[in-house]
There are 2 protein chains.
Amino acid sequence: MRPMFDPVSYAPAYLRVSEAIRTRILGRELREGQVLPTETELARQFEVNRSTVREALRKLESAGLLGRRRGGKRLIVTRPTREAVGGGLSQALTLHRARVVDVWEALQAVQPGIASAAALRRSPAALAKLSACANRFAARSGEREATVTDVADFFDALAEAGANPVFHLLNEPLLRLLKPSLAVIIDRVPQARVRIGAAQVAILAAVKARDAKRAAEWMTRHVRDFRRGYEVAGIDLATEVGEPPAVTSAIS
Amino acid sequence: MRPMFDPVSYAPAYLRVSEAIRTRILGRELREGQVLPTETELARQFEVNRSTVREALRKLESAGLLGRRRGGKRLIVTRPTREAVGGGLSQALTLHRARVVDVWEALQAVQPGIASAAALRRSPAALAKLSACANRFAARSGEREATVTDVADFFDALAEAGANPVFHLLNEPLLRLLKPSLAVIIDRVPQARVRIGAAQVAILAAVKARDAKRAAEWMTRHVRDFRRGYEVAGIDLATEVGEPPAVTSAIS
DNA sequence: CAATATCATATTGTCCGACAATCGGACAGG
DNA sequence: CCTGTCCGATTGTCGGACAATATGATATTG
């Protein structure tokens, strides 16, 4: 039978406090960079104990809505960094048992769109950055990890060039999850570097020429190449992605 | 000049504790559904105060890694729900000043891929669910909000049919951000319902026939239609998306 | 015996007060 | 201008306390 009443809702104080602050931030009443009142002051205003305020603050901190300047003591209003968002998302994807092939499929869907957005809207500055990424990759030899980073940077610069925050944010977790398997490809597929380099050059040229269609086409090929790379490298596509443990930020 | 030293790192105890627990969860040592030790016990094990443990727990709670059964007292290990992840992401996108057109562009890139994944891999059950969504939409009249939900449900069911957790997770925030503007379209564009309904039928047929190409094509048209809808409805594409304030979960 | 009411205990949510570490800024001296 | 010194403000952490209630065991009843 359909329940006659909804369950009565109750939220502990630390939640109400964090929601109150969150609402202010989302509503732009608290603007980015602004320093939050001190914990004692917040406790006074909300009429709760400082411990309660602190629990609320930890939630917002973890959501990336609050942060602090390096070495700073006071909390300031921030917007979630791409890294933070990407970390959360890739964490979630890991727990949802996403597989290498799932990530690849998503890349296949998203990247061509990103490439054409970049071609349409790239600024000279963004183009320069993209170009720098491609050059850095081309000049690299050996150094597996750095090479992987170069590839990711290229994708990232491309997303940035598209001037679409949605693309830029969605891209981050995908790249993060791509990296480990990409490292294996770089290691085991001799021609990988050459093919990636060629694709980057072609995409760069298309973006430079503001040719969205060609940028998307090359990107499609580029991503398809990764799949080929998985096969040649002998990576099981059904491998679950998982960030290497202890990659997170806290240090002793 | 390049700094000679890296900044010395220090992490407060509540962070170290939360990272320790997070690592255990990510490493599957703590499995989903498992109840966490009590706060007192954790405090004993980590050799910190209970207040400190609680701050750590709030962080993990906020990340969606811990939760509790409805009305429950003890914390249990959970994986971030799609809603939680989507909420965080759309919050971030709001603060990054994503515009309607940005979300639309992302949909345009992602949805065709989702549609073809669905066509390739849909199970009979998923197909039935998708079909039910389409029917519900078709039967709906008036009720703007419910109609919008129907549309989102269709997209969601499609993503689910694709059996790709990446798509499914990425889809949620996009839909969430789409909704407000979609509501306006439904309100102001008379032919919107008919066109959406027709697209759903066509996509459904393609998915049923396992015709990935056709599913993607229809989806492309479908999404393009939304853009047309924005124009007809007079929605400024540069409007920033923003969730309606106070939509969050906490109640007095 | 199954279902239910009763009760004791464990656990969480919240408060209070305290203190060390350190950040931020003022201030003085070279 | 850079450096060293001081002080107050603020955070991180602790210990203890208590009310409310979820949990699990036990007694009661049909």
Checklist outcome for this item: Among the nucleotides D:dG12, C:dC16, C:dT12, whichever has the atom closest to the side chain of B:Arg50 is C:dT12

Checklist entry - What is the distance from CG of A:Leu57 to P of D:dT10, rounded to the nearest Å? => result 14 Å

Item to check | Short side-chain N/O contact from B:Tyr14 to OP1 or OP2 of D:dG12, under 4.0 Å | outcome: yes

Next on the checklist: salt bridge (Lys or Arg N to Asp or Glu O under 4.0 Å) for B:Glu172 and B:Arg176? Distances and angles first, verdict last.
Outcome noted: CA-CA 6 Å; B:Glu172 156 90 19; B:Arg176 194 184 286 238; 2.9 Å; yes

Next on the checklist: side chain to side chain contact (heavy atoms under 4.5 Å, CB included) for A:Val151 and A:Phe155? Distances and angles first, verdict last.
Outcome noted: CA-CA 7 Å; A:Val151 175; A:Phe155 280 109; 3.7 Å; yes

Checklist entry - Would you say a side-chain N or O of B:Arg54 is under 4.0 Å from OP1 or OP2 of C:dT12? => result no

Checklist entry - CD of B:Glu41 versus P of C:dT11: gap in Å, rounded? => result 9 Å

Item to check | A:Leu75 CG to D:dT10 C1', straight-line distance once rounded to whole Å | outcome: 11 Å

Next on the checklist: Side-chain N or O of B:Thr52 versus OP1/OP2 of D:dC14: is the shortest distance under 4.0 Å?
Outcome noted: yes

Checklist outcome for this item: d(B:Arg24 CZ, B:Ile21 CD1) to nearest 0.5 Å is 9.5 Å

Item to check | Between D:dT10 (C1') and A:Glu39 (CD): distance, integer Å | outcome: 8 Å

Item to check | CD (B:Glu47) with more than 12 external heavy atoms under 6.0 Å | outcome: no

Next on the checklist: Nearest to the side chain of B:Lys73, heavy atoms from C-beta on, is which of D:dT21, D:dG12, C:dC15?
Outcome noted: D:dT21

Item to check | Atom pair distance, as rounded to whole Å: CD in B:Glu55 and C1' in C:dT14 | outcome: 14 Å

Checklist entry - Mapping A:Arg69 and A:Glu47 onto DNA chain C by nearest heavy atom, which one lands closer to the 5' end? => result A:Glu47

Checklist outcome for this item: With the side chain defined as heavy atoms from C-beta on, A:Val48 is closest, among C:dT14, C:dC15, D:dT13, to C:dC15

Next on the checklist: When you measure from the side-chain N and O atoms of A:Asn49 to the phosphate of C:dT14, is any distance below 4.0 Å, counting only OP1 and OP2?
Outcome noted: no

Item to check | Selection from D:dT10, C:dA10, C:dT14 that lies nearest to any side-chain heavy atom of A:Arg74 | outcome: D:dT10

Checklist entry - So what does B:Arg70 touch, heavy atoms closer than 4.0 Å: a base, only the sugar-phosphate, or nothing? => result nothing

Next on the checklist: Whole angstroms only, please: what is the CZ-P distance between B:Phe46 and D:dC14?
Outcome noted: 13 Å

Item to check | B:Thr38 or B:Ser51, whichever maps to the more 5' nucleotide of DNA chain C | outcome: B:Thr38

Checklist entry - Looking across every strand, which nucleic acid part, if any, lies under 4.0 Å from B:Arg68 by heavy atom: base, sugar-phosphate, or nothing? => result sugar-phosphate

Checklist entry - With no hydrogens and no angle check, do the side chains of B:Glu160 and B:Asn171 hold a donor and an acceptor under 3.5 Å apart? => result no

